[in-house]
Number of protein chains: 2
Amino acid sequence: MTSQESRRTEILRASAALFARQGVASTTVRQIAAEVGMLSGSLFHHFPSKDAIVNEIVTDYLAVLLRSYREVMTRDLSARGRLEALITASLRIAEADPHSTMIYQNEMSYIRDLPQYEAVRDAAVEVQGTWLAVIGAGRDDGTFRKDIEPGVFYRLIRDAVWLAVRWYRPDGSYTVDRLAADCASVFLDGYAAFDDD
Amino acid sequence: MTSQESRRTEILRASAALFARQGVASTTVRQIAAEVGMLSGSLFHHFPSKDAIVNEIVTDYLAVLLRSYREVMTRDLSARGRLEALITASLRIAEADPHSTMIYQNEMSYIRDLPQYEAVRDAAVEVQGTWLAVIGAGRDDGTFRKDIEPGVFYRLIRDAVWLAVRWYRPDGSYTVDRLAADCASVFLDGYAAFDDD
DNA sequence: GTCTATAAGCTGATAGAC
DNA sequence: GTCTATCAGCTTATAGAC
């Protein structure tokens, strides 16, 4: 079992890297097989289809993401603290698994046509619900503005945060936690100079 | 000439819609041909290759975008006014041509491999340069914060603005200009409630 | 668990009739 | 300018030897 599991994991890892770099549709099973040192036919001993590989990458990814969001929601935090925690959690996951993050962000049209899309959709609904619950709570207690639709704010911050996976590269002098802090500060306080500057 | 031009335009429009919806790699020349009511072989009377269609869509799109950005830069505006104008111009273009916008935002890995990528890259450099010049000017004159890297702020606002094309749908009660105003307000003033609320 | 060999179908693109 | 017919190559996936 152990060697089979590790071979499966190797395939998932290599596939995710290729899918992220050149897109799922443009990646062939021959490329994946070559990357792990086998021929394409042998891949089908480990996975029933190419789509099954995509599905497992996305499903595993969303499970990790949801576990992290749920943990944030158990903490005793203010609305602002929660929003900052969601940003930090998201960016840490993007840093830890950039390939899966890119696949999930860039290949929704491919994912939507997978046979097991239902489970993905359920997870996506919970992810979105988490953000909206935090934004709604802050709006209700006066922390956040009421003149901007929560749905609009959610989409702005979601896209800015998740697409950081396209450009952010871990760097000793600019850590992911620093990026998260900057991100939270821009979205909550704004980029305009403070009055006391 | 006129009928040939309009046929070319039909093909470009149908291709852009398909490319935006299902991705370039997953769209076949047979689908494009069927959409405009011809057989796939006939397409090659109008374009030498599928990639030539992609290239023309992206090149035309960037030409329109650059013309709009250049016009903004001729206006007499403050740094904040310029940034707002860039956001408005971008969102209006995304509204007017959502398919090309989505292709440019989602298919960079495909575009990067096109033979005529040089021209695209040159335009992309000018686009980024415009945003960074406006941000830099506002930073120098004290309008914008100095404790956050301009490059970080640029990427956050770029991704939030351009990915609106994925979710924004024109609506009488929420116009693109209103979205632009909300976007500018969130990024410059922040989503935290104002003190005088 | 991997390889060989191959099926069955789709892909972008071409040549020539009309 | 479009259609017919087709090519050569590539795709995912399968069956059976080792």
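Atoms considered below: every heavy atom in the structure, side chains included; atoms not considered: hydrogens, waters and symmetry mates. Here is how names work: the chains are called A, B, and so on, in the same order as the sequence lines, proteins then strands, and each is numbered from 1. The model shown is predicted, which means the values in this text are computed figures rather than measured ones.
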In numerical order, the residues of residues 15-35 of chain A whose heavy atoms come under 4.0 Å of DNA chain D are A/T27, A/T28, A/V29, A/R30
B/E10 CD to D/dG1 C1', in whole Å, measures 13 Å
Out of C/dG1, D/dG1, D/dT12, minimum distance to the side chain of A/H46 belongs to C/dG1
By side-chain contact (heavy atoms from CB on, under 4.5 Å), B/S26 pairs with (sequence neighbours left out) A/A25
(request) Report yes if at least one side-chain N or O of B/H45 is closer than 4.0 Å to OP1 or OP2 of D/dC3; otherwise report no. (result) no
task: May I ask you to test the A/D177-A/R92 pair for a side-chain heavy-atom distance under 4.5 Å?
output: yes
Mind checking whether A/E56 and A/R8 have side chains closer than 4.5 Å, heavy atoms only?
yes
By salt bridge (Lys or Arg N to Asp or Glu O under 4.0 Å), B/E84 pairs with (sequence neighbours left out) B/R80
Show the atom names and distances, to 0.1 Å, of all donor-acceptor pairs under 3.5 Å that link a side chain in residues 181-188 of chain A to residues at least two apart or in another chain.
{"residue": "A/D182", "atom": "OD1", "partner": "A/R178", "partner atom": "NE", "Å": "3.4"}
{"residue": "A/D182", "atom": "OD2", "partner": "A/Y174", "partner atom": "OH", "Å": "2.6"}
{"residue": "A/S185", "atom": "OG", "partner": "A/D189", "partner atom": "OD2", "Å": "3.4"}
{"residue": "A/S185", "atom": "OG", "partner": "B/R145", "partner atom": "NH1", "Å": "2.8"}
{"residue": "A/S185", "atom": "OG", "partner": "B/R145", "partner atom": "NH2", "Å": "2.8"}

Rounded to whole Å, CZ of A/R7 lies from P of C/dC3 at a distance of 8 Å
B/L39 CG to C/dA17 P, in whole Å, measures 18 Å
note: A/R8, atom CZ; C/dT2, atom P; distance rounded to Å ~ 13 Å
List the atom pairs, with distances to 0.1 Å, where a side-chain N or O of residues 107-115 of chain A and a protein N or O form a donor-acceptor pair under 3.5 Å, not counting sequence neighbours.
{"residue": "A/E107", "atom": "OE2", "partner": "A/V24", "partner atom": "N", "Å": "3.0"}
{"residue": "A/Y110", "atom": "OH", "partner": "A/D51", "partner atom": "OD1", "Å": "2.5"}

Judged by nearest nucleotide, the residue sitting upstream toward the 5' end of DNA chain C, B/F44 or A/S42, is A/S42
Are A/R75 and A/E71 close enough for a salt bridge, meaning some N to O gap below 4.0 Å? yes
note: B/I11, atom CD1; D/dG1, atom P; distance rounded to Å ~ 11 Å
Taking NZ, NE, NH1 and NH2 as the nitrogens, is one of them in A/E10 or A/R13 under 4.0 Å from a carboxylate oxygen of the other?
no
In whole angstroms, the gap separating P of D/dA13 from CG of A/D51 amounts to 7 Å
Terminal axes of the helix from C/dG1-D/dC18 to C/dC18-D/dG1 (5 end pairs apiece), angle rounded to 10 degrees, sit apart by 10°
Do A/Y191 and B/L156 have side chains that get closer than 4.5 Å, going by heavy atoms? no
Here the distance between atom P of C/dC3 and atom CE of A/M38, to the nearest Å, is 7 Å
